[in-house]
Amino acid sequence: MKKIFCLVDCDNFYVSCERLFNPALEGKPVVVLSNNDGCIVSRSQEAKALGIPMGAPFFQWEAFFKKHGVIALSSNYPLYGDISSRVMQVLEESAPFVEIYSIDEAWIDLSNCPSPEDFARKLREKIGRWTGIPVTLGIGPTKTLAKSASKIAKKNSSLKGVNLLFDEEETAKVLSSLEIEDVWGIGKKLATKLKDLGIHKAIDLKNADPFKIRKTFSVMLERTVWELRGISCFGFEENIDPPKQILSSQTFGQPLSRLDDLRAATANFVKEAGKKLRRFGLATRRMAVFIRHGSFPGCMESASFCFMEPVEDLMNLLETADNLLQALYKPRRTYTKSGVVLFDLLPRENHQASFWPREGEKEKKYHTLSHLLDELPKPLLRVGTELFGENWRLRAQRKSPSYTSKWEELPVVKA
DNA sequence: TCTGGGGTCCTAGGACCC
DNA sequence: TCTGGGGTCCTAGGACCC
């Protein structure tokens with residue numbers, strides 16, 4: 001049974017979300033910035049046409065934006081998350097199998113679909129009508145070819161958002177026009193190395209000797225070669241695995257030197273990580289805290305701790321992180337970022353019974369506190385360490401309201 | 001002045017075991 | 001005098017993705 005992979009990819013997703021509630025942005029060059037208004041992470045078609053690159057630092061482009069009337073917005077993740085789940089919901093109602101790949105992309109299985117192209121066009125229209133988000137659909141016999149199909153469709157408006165790669169001749173033509181760095185799984189580093197070997201376009205990689213590629217690079221790249229040849233190596237991910245690690249970190253709104261500021265920030269990240277840990281019903285056996293100091297890009301230092309037995313409760317996590325942080329901290333340094341990572345995650349019920357008798361009351365109290373901290377809105381209950389400072393908080397000067405996820409920020413229609 | 005955050009997988013190399 | 005080698009596990013680091 002031949003598989004048919006279809007990638008549904010939202011166009012300029014963050015910008016498209018902003019436009020839903022602010023039609024004045026329509027037809028204008030718009031970009032959305034990363035946390036801290038640091039980098040450009042989403043660009044409208046008009047912004048792309050002006051030559052604004054993905055990932056560029058905002059401050060380097062601020063003057064250019066003024067000159068060309070480019071509108072820059074802070075990112076609004078509650079809004080994007082909510083719109084994303086609406087798009088995914090339409091997919092789940094329409095397709096037999098959906099694998100959510102990221103906030104703005106999903107794979108759907110069209111293997112049993114008699115006419116994939118018709119289906120894709122109708123689905124595209126439905127998503128547009130029901131959510132207001134424009135999408136592009138790329139279809140092919142492998143994930144890598146489906147991804148290539150969508151890449152081409154985004155560049156070529158005459159395809160009207162749907163592109164299929166099955167025909168051998170057509171595929172060869174498309175792969176000849178596709179740069180090697182635009183192939184899924186090939187980043188900057190690999191692209192440079194491949195070009196040194198005379199592999200410039202996707203078609204060159206397709207025609208390369210898979211065995212040689214494996215020897216020179218890795219099995220992953222070998223799989224990409226097979227995928228370009230139409231032999232599927234990356235299937236649908238059927239079961240949703242729990243995460244293998246949980247990370248929470250942020251660049252501070254300004255450089256910090258006081259230990260207490262760092263402690264406040266880090267306590268917040270531990271809280272976020274702990275929340276996620278409990279949401280997945282997991283416990284951790286190893287925690288690392290890292291901090292970055294010095295001028296950009298700066299120097300990372302980290303310290304880690306292995307727990308005697310798996311931990312999920314917040315108080316324990318907070319205390320451990322605080323100790324690690326204090327061990328790392330050196331006065332008179334300027335710190336720009338900190339973060340917490342939880343490793344070696346395992347399901348909570350797999351806990352081995354402790355060798356040592358538990359202190360029942362304390363355990364229970366901590367457990368209750370952890371859950372309260374997860375559930376209650378921020379200002380109601382906070383961990384003491386958090387109160388040591390607010391200086392680390394982000395800048396987000398251009399943020400749109402949380403139109404769909406906060407009552408007090410619902411859009412108002414003026415009479 | 002101002003440069004994101006959250007993940008995954010693979011590989012090489014060291015420690016250790018028999 | 002001869003001075004192994006194969007397997008596994010762990011970790012750090014690098015590359016990629018969005």
Side-chain angles (χ1 to χ4, degrees), chain A residues 7-14 31-43 53-63 65 72 74-77 80-81 84 99-107 143-144 147 150-151 180-194 214-224 233-234 237 240-255 265 268-269 272-273 275-277 280 285-286 288 290 292 294-298 300-302 304 306 334 336-345 394-398:
Chain A
L7 177 72
V8 183
D9 192 346
C10 300
D11 300 339
N12 320 325
F13 184 56
Y14 296 171
V31 301
V32 173
L33 306 173
S34 64
N35 265 338
N36 242 8
D37 294 344
C39 296
I40 295 151
V41 290
S42 181
R43 305 157 294 158
M54 180 71 173
F58 174 49
F59 75 93
Q60 288 176 357
W61 286 82
E62 226 170 336
F65 284 7
S74 301
S75 41
N76 182 350
Y77 290 104
Y80 311 151
S84 171
E99 176 195 334
I100 296 173
Y101 182 64
S102 73
I103 193 164
D104 67 339
E105 281 176 60
W107 297 101
K143 279 188 169 177
T144 305
K147 194 94 185 172
S150 125
K151 203 105 194 175
I180 191 71
E181 57 265 35
D182 289 339
V183 174
W184 193 40
I186 295 178
K188 235 179 173 175
K189 292 276 165 84
L190 276 177
T192 314
K193 280 188 203 159
L194 285 165
R214 182 191 197 129
K215 260 186 85 177
T216 329
F217 296 93
S218 67
V219 280
M220 289 302 277
L221 200 57
E222 185 201 1
R223 285 179 198 151
T224 301
C233 298
F234 307 120
E237 305 283 337
I240 316 138
D241 293 329
K244 295 177 178 151
Q245 64 179 56
I246 292 171
L247 183 147
S248 174
S249 75
Q250 249 176 46
T251 301
F252 307 137
Q254 54 181 297
N268 272 277
F269 304 149
E272 282 309 307
K275 210 172 178 176
K276 195 160 179 188
L277 189 72
F280 282 99
R285 280 180 296 191
R286 190 159 59 95
F290 62 88
R292 190 179 70 186
S295 52
F296 184 82
M300 283 283 200
E301 283 179 332
S302 71
S304 67
C306 292
T334 50
T336 53
K337 175 179 184 161
S338 79
V340 176
V341 197
L342 307 178
F343 299 100
D344 295 348
L345 309 181
L394 309 167
R395 291 181 301 269
Q397 291 160 352
R398 306 168 169 76

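Everything numeric in this text was worked out from a predicted model, so none of it was measured. Proteins get letters first, then strands, A, B, ... in listed order; numbering begins at 1 in each.
Residue A:Asp104 is in sugar-phosphate contact alone, with no base atom involved, counting any heavy-atom pair closer than 4.0 Å across all strands shown. At a threshold of 4.0 angstrom between heavy atoms, the contacts of A:Glu105 are confined to the sugar-phosphate backbone, with no base atom among them. A:Ile186 comes within 4.0 angstrom of sugar-phosphate atoms only, judged by non-hydrogen atoms across all strands, and of no base. Within 4.0 Å of A:Tyr101, counting heavy atoms only, lie sugar-phosphate atoms of the nucleic acid but no base atom.
Of the candidate nucleotides B:dG5, B:dT3, B:dT8, B:dT8 has the atom lying nearest to any side-chain atom of A:Pro243. With C:dC18, B:dG5, C:dA15 as the choices, the nucleotide that has an atom nearest any side-chain atom of A:Lys337 turns out to be B:dG5. Here the nucleotide nearest the side chain of A:Ser248, chosen from C:dC18, B:dG6, B:dC10, is B:dG6. Considering only side-chain atoms of A:Met220, the nucleotide from B:dC10, B:dT3, B:dG4 that sits closest is B:dC10. Side-chain atoms of A:Ser34 lie closest to B:dG4 of the nucleotides B:dT3, B:dT11, B:dG4. The nucleotide whose nearest atom lies closest to any side-chain atom of A:Ser102 is, among B:dG5, C:dA12, C:dC18, C:dC18. Nearest to the side-chain atoms of A:Lys147 among the listed nucleotides B:dC9, B:dG4, C:dC18 stands C:dC18. Set against B:dG4, B:dG6, B:dC2, the side chain of A:Arg292 has B:dG4 as its closest nucleotide. Checking B:dG6, C:dC18, C:dA15 against the side-chain heavy atoms of A:Lys189 singles out C:dA15 as nearest. Closest contact between the side chain of A:Thr251 and the listed nucleotides B:dT3, B:dG5, B:dC10 involves B:dG5.
Protein atom CG of A:Leu342 is 17 Å distant from nucleotide atom P of B:dG5, rounded to whole Å. Spacing between atom CZ of A:Phe280 and atom C1' of B:dG6 amounts to 12 Å, rounded to whole angstrom units. For the pair A:Tyr80 OH and B:dG6 C1', the interatomic distance rounds to 17 Å; values are reported in whole Å. One atom, CH2 of A:Trp184, and another, C1' of B:dC9, lie 12 Å apart when rounded to the nearest Å. Straight-line distance from the CZ atom of A:Arg398 to the C1' atom of B:dG4: 15 Å, rounded to whole Å. What separates CD of A:Glu62 from P of B:dT3 is a distance of 12 Å, to the nearest Å. Atom NZ of A:Lys244 is separated from atom P of C:dC10 by 15 Å (rounded to the nearest Å). One interatomic measurement links the two molecules: CG of A:Leu190 to P of C:dC16, which rounds to 4 Å at whole-angstrom precision.
In terms of modelled atom types and a separation under 3.5 Å, the side chain of A:Ser34 and the main chain of A:Cys39 share a donor-acceptor contact. For the pair A:Ser84 (side chain) and A:Ile103 (backbone), a donor-acceptor distance under 3.5 Å is present. Judged by distance alone, with hydrogens and angles left aside, the side-chain atoms of A:Ser75 form a donor-acceptor pair with the main-chain N or O of A:Leu33 at under 3.5 Å.
In this structure, A:Arg223 reaches the B:dC10 phosphate: one of its side-chain N or O atoms is under 4.0 Å from OP1 or OP2.
Ring-plane geometry between A:Trp107 and A:Tyr101 is classed as perpendicular, the angle between the planes exceeding 60 degrees on a 0 to 90 degree scale with a lower cut at 30. Between A:Trp184 and A:Phe234, the ring planes are perpendicular. Angles over 60° get that label, and only those under 30° would be called parallel.
By the 4.5 Å heavy-atom criterion applied to side chains, A:Gln250 and A:Asn36 are not counted as neighbours.
Remark on DNA chain B: of its neighbouring residues A:Phe59 and A:Ile246, the 5'-side contact belongs to A:Phe59, judged by nearest-heavy-atom nucleotide. Comparing A:Asn36 and A:Pro242, the nucleotide of DNA chain B nearest to each residue sits closer to the 5' end for A:Asn36.
When the C1' atom is compared between B:dC16 and C:dG4, the two are found 15 Å apart, to the nearest whole Å.
A:Tyr77 and A:Tyr14 have their aromatic ring centers within a separation under 6.0 angstrom.
Base-pair partner of C:dC9: B:dG14 (Watson-Crick or G-U wobble, both distances under 3.5 Å).
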